[in-house]
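For reference, the structure discussed in these notes is given below.
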Amino acid sequence: MVTAEPLPTVETAKSLGLTPDEFEKIKEILGRTPNFTELSIYSVMWSEHCSYKNSILQLKTLPRSGKRLLVGAGEENAGLVDIGDGLGCAFKIESHNHPSAIEPYQGAATGVGGIHRDIFTMGARPIAALNSLRFGKPDTPRMKNLIAGVVKGIGDYGNCFGVPTVGGEVYFYDCYHHDILVNAMSVGIVKVGETVSATAGEPGNPVFIVGSATGKDGIHGATFASADLSEDSHQDLPAVQVGDPFQEKLLLEASLEAIKTGAIVGMQDMGAAGITCSTSEMSAKSGVGMRIDLDKAPQRQANMKAWEILLSESQERMLIVCVPGREAEIKAVFEKWDLPCEHIGETIAGGQLEYYWHGEKVAEVPGETLVLGGGAPVYAREQKTPEYFQEIAKFDLAKIPVPADLKQAAKTIWASPNIASKNWITKQYDSMVRTGTLTTNRPSDAAVVYVKGTRKALAMTTDCNSAYVYADPYRGAMIAVSEAARNIVCAGGVPVAITNCLNFGNPYNPEVFFQFAEAIRGMGEACRKFETPVTGGNVSFYNQYTENGKVIPVYPTPTIGMLGILDDWEQLMTLDFKNAGDPIYLLGANRNDISSSEYLREVHAVQYSPCPHFDLNEEYHLQDVLKQIIRKGFVESVHDVSDGGLFVALVESAMPRGLGFSVHSNPGIRKDAWLFGEAQSRVIVSVRTAQAAAFERFLQEQNQPFAPIGHVVGNNIQIDSEHWGAVSEWKHTFDNRLSEIMN
């Protein structure tokens with residue numbers, strides 16, 4: 001019999017984020033009115049953050065199978081792909097948006113800690129971290145504080161934990177002024193066959209909680225992440241967790257050592273919803289129940305209540321299910337690492353989760369009804385074409401004048417925080433710890449990390465130009481996948497799989513849900529084309545703010561984290577020009593297209609324009625050709641044309657070695673479009689003069705559009721014989737622009 005408590009009402013349910021219909025469904029499941037503790041359990045497990053109740057129907061349409069896939073989406077804490085040599089790579093990306101907007105340092109730090117735990121919970125050792133960040137324009141005290149806090153949180157946690165931050169992306173748009181986005185990705189390595197599942201096994205298995213003690217931080221964090229931010233959201237500060245990277249380092253080593261004993265049946269990270277989530281997911285996966293004594297969990301705060309311990313999202317904790325009779329082995333490992341390891345329960349037959357507090361049963365719920373695919377509700381939300389599409393349809397390229405001074409236009413674009421170097425941010429991250437990062441001093445379109453003990457390397461990237469997705473969610477999401485793949489191919493790798501972090505506004509807004517559904521449709525189509533299955537990820541809704549009665553959603557931001565493989569690390573291709581005199585080629589077609597470009601926004605202040613040109617078959621063919629020309633040794637440098645257009649790509653290739661370029665424009669194309677347009681499926685390469693003829697013949701044989709556009713020269717930039725200054729001058733602006741803004 002569950003301990004009697006004052007019974008909650010529908011108003012209580014609504015205050016916890018549940019709808020009246022959901023409250024009725026809970027009563028139907030239990031056959032009675034839940035007590036407050038039980039209602040709190042459902043409120044977090046049925047939140048969007050945990051249940052995916054508004055997104056699962058769309059997510060199921062994404063491709064989830066592939067020849068290298070060992071663990072797919074939803075099967076474990078992270079996806080796992082076969083990289084050969086008996087090794088698997090576990091990787092995943094997740095958001096920590098709301099906590100970071102309220103408390104940027106801890107919000108970002110615990111986002112990093114949480115995603116690394118997802119990796120080593122499976123038995124994989126994290127070897128690299130990436131991130132994808134979105135902020136408002138960095139020219140206000142509030143935004144500067146948020147940027148500084150997030151960057152320091154990511155840097156401090158990652159640096160102390162000892163995993164290099166090797167890549168990422170940062171954008172600054174007005175729509176992120178209130179709701180910033182902080183997406184963190186982790187990549188780890190494990191021997192195939194040595195992973196651990198998040199399973200509970202059979203009835204009668206001991207259950208342990210290991211790691212840090214439980215406090216009141218993070219309570220109802222999942223519910224907090226499943227609602228809009230408001231002017232009062234700062235009052236939800238207890239929903240932001242507090243991290244300790246040194247404790248997590250101990251937990252990593254202890255967990256991997258404990259796995260090697262063979263005494264572990266299953267292990268699950270305590271992330272969102274804490275003990276509630278880990279017990280329910282492990283139980284539901286195995287079809288067993290659990291009896292948990294909450295008072296036995298180590299506590300770092302006095303007078304905690306049972307429901308607070310259940311819902312706490314205190315960091316650096318794991319739930320472990322042990323082989324009966326081998327409890328001492330597990331305890332010995334964690335004692336060695338000076339970490340708490342407490343026996344708090346056991347698995348039981350029947351599928352019920354029974355939670356006790358000093359011997360009294362305070363809650364009893366069927367575990368399967370809490371989880372994705374079980375009893376959690378599933379909704380098909382209304383969709384409506386966004387009204388702003390009408391403004392986009394009015395765009396007329398002919399009405400945009402070509403500036404008389406294109407050099408000044410280039411300087412304006414170059415000074416944009418979206419284009420300028422992010423070294424003010426990245427220099428706060430340790431990219432060299434573990435000594436496997438190959439691209440720290442060898443600039444490439446993707447981060448590349450050496451897999452020790454092999455010849456292999458992993459290429460990885462995070463990509464999404466949310467302005468494109470805003471203009472056309474379907475095509476914009478296809479571009480996000482395609483650019484991620486293009487970056488990996490340009491680095492010498494072969495794309496194999498993705499993880500995604502889907503950041504959108506409120507799903508109850510039909511226009512937002514239209515954006516979401518269309519982005520999923522485009523993402524799925526591109527992933528099927530590139531044979532990069534979706535291994536998992538995260539949906540983050542409710543990224544919007546209401547100010548003076550006006551709802552301000554973020555741009556739809558489906559961030560793609562992609563993994564690629566180099567069978568030999570010496571296949572690494574870099575973006576920097578190597579030799580003066582080398583011919584420069586543009587692969588891909590020139591087009592009169594400036595849509596959704598940084599140029600259009602910064603120089604002409606045009607907010608509404610279509611998505612840039614994109615054709616999936618054209619993109620696929622380009623990438624296939626790129627793989628071949630890199631393998632054949634035709635090219636000295638490879639760099640994709642993306643944000644800022646051709647001019648930005650050329651200068652980025654010029655800066656590393658101080659080698660400039662002399663190029664000539666295409667007379668059939670508007671010169672601003674040729675220089676600054678962001679039409680997709682284009683790459684610049686440099687080639688040794690002796691290879692040029694054979695290179696051109698090969699491209700012709702492959703029916704690949706290309707154009708010779710100039711040559712690598714000394715420390716100068718020339719456009720149509722006009723001198724645009726020294727490379728060193730442009731590099732100085734590039735390197736210092738963001739620092740000037742932030743300081």
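Residue numbers run from 1 in the order of the sequence given.
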Between atom CG of Leu616 and atom CD of Gln680, what is the distance when rounded to the nearest 0.5 Å? 11.5 Å
Residues [X] and [Y]: side-chain donor-acceptor under 3.5 angstrom:
| X | Y | result |
| --- | --- | --- |
| Glu619 | Ser482 | no |
| Glu511 | Gln515 | no |
| Tyr555 | Arg134 | no |
| Tyr171 | Thr557 | no |
| Asn418 | Asp643 | no |
| Glu525 | Tyr474 | yes |

Contacts of Tyr468 that satisfy side chain to side chain donor-acceptor pair (under 3.5 Å) - sequence neighbours left out: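 Side chain to side chain donor-acceptor pair (under 3.5 Å) list for Tyr468, sorted by chain: Glu678.
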Please check this pair: side chain of [X] against backbone of [Y], looking for a donor-acceptor N/O pair closer than 3.5 Å.
| X | Y | answer |
| --- | --- | --- |
| Thr559 | Cys464 | no |
| Asp396 | Ala398 | yes |
| Lys137 | His177 | no |
| Ser653 | Leu575 | yes |
| Glu75 | Gly72 | yes |
| Asp593 | Ser595 | yes |
| Ser609 | Ser596 | yes |
| Lys422 | Ala420 | yes |
| Thr499 | Gly561 | no |
| Asp118 | Ala78 | no |

For Lys92 and Glu94, what are the C-alpha separation, side-chain angles and deciding distance, and is it a salt bridge (Lys or Arg N to Asp or Glu O under 4.0 Å)? CA-CA 7 Å; Lys92 189 179 183 183; Glu94 283 196 341; 3.0 Å; yes
Could you pull out the closest heavy-atom pair between [X] and [Y], with the gap in Å?
| X | Y | answer |
| --- | --- | --- |
| His98 | Phe541 | CE1-O, 4.2 Å |
| Ala447 | Val166 | CB-O, 3.4 Å |
| Arg682 | Ala679 | NE-O, 2.9 Å |
| Met185 | Thr461 | SD-O, 4.3 Å |
| Asp472 | Cys611 | CB-CB, 3.7 Å |
| Ala477 | Val469 | N-CG2, 4.1 Å |

Can you name the salt bridge (Lys or Arg N to Asp or Glu O under 4.0 Å) partners of Arg381, sequence neighbours left out? none
Testing Glu483, His613, Glu618 for side chain to side chain contact (heavy atoms under 4.5 Å, CB included) with Ser681, which one passes?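 The residue from Glu483, His613, Glu618 that satisfies side chain to side chain contact (heavy atoms under 4.5 Å, CB included) with Ser681 turns out to be Glu618.
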Intermediate values then yes/no, salt bridge (Lys or Arg N to Asp or Glu O under 4.0 Å), Asp672 and Arg670: CA-CA 6 Å; Asp672 59 346; Arg670 287 176 49 135; 2.7 Å; yes
Identified side chain to side chain donor-acceptor pair (under 3.5 Å) partner of Asn503 from the options Asn538, Asp179, Asn183, Asn543: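 Testing each of Asn538, Asp179, Asn183, Asn543 against Asn503, the sole residue satisfying side chain to side chain donor-acceptor pair (under 3.5 Å) is Asn183.
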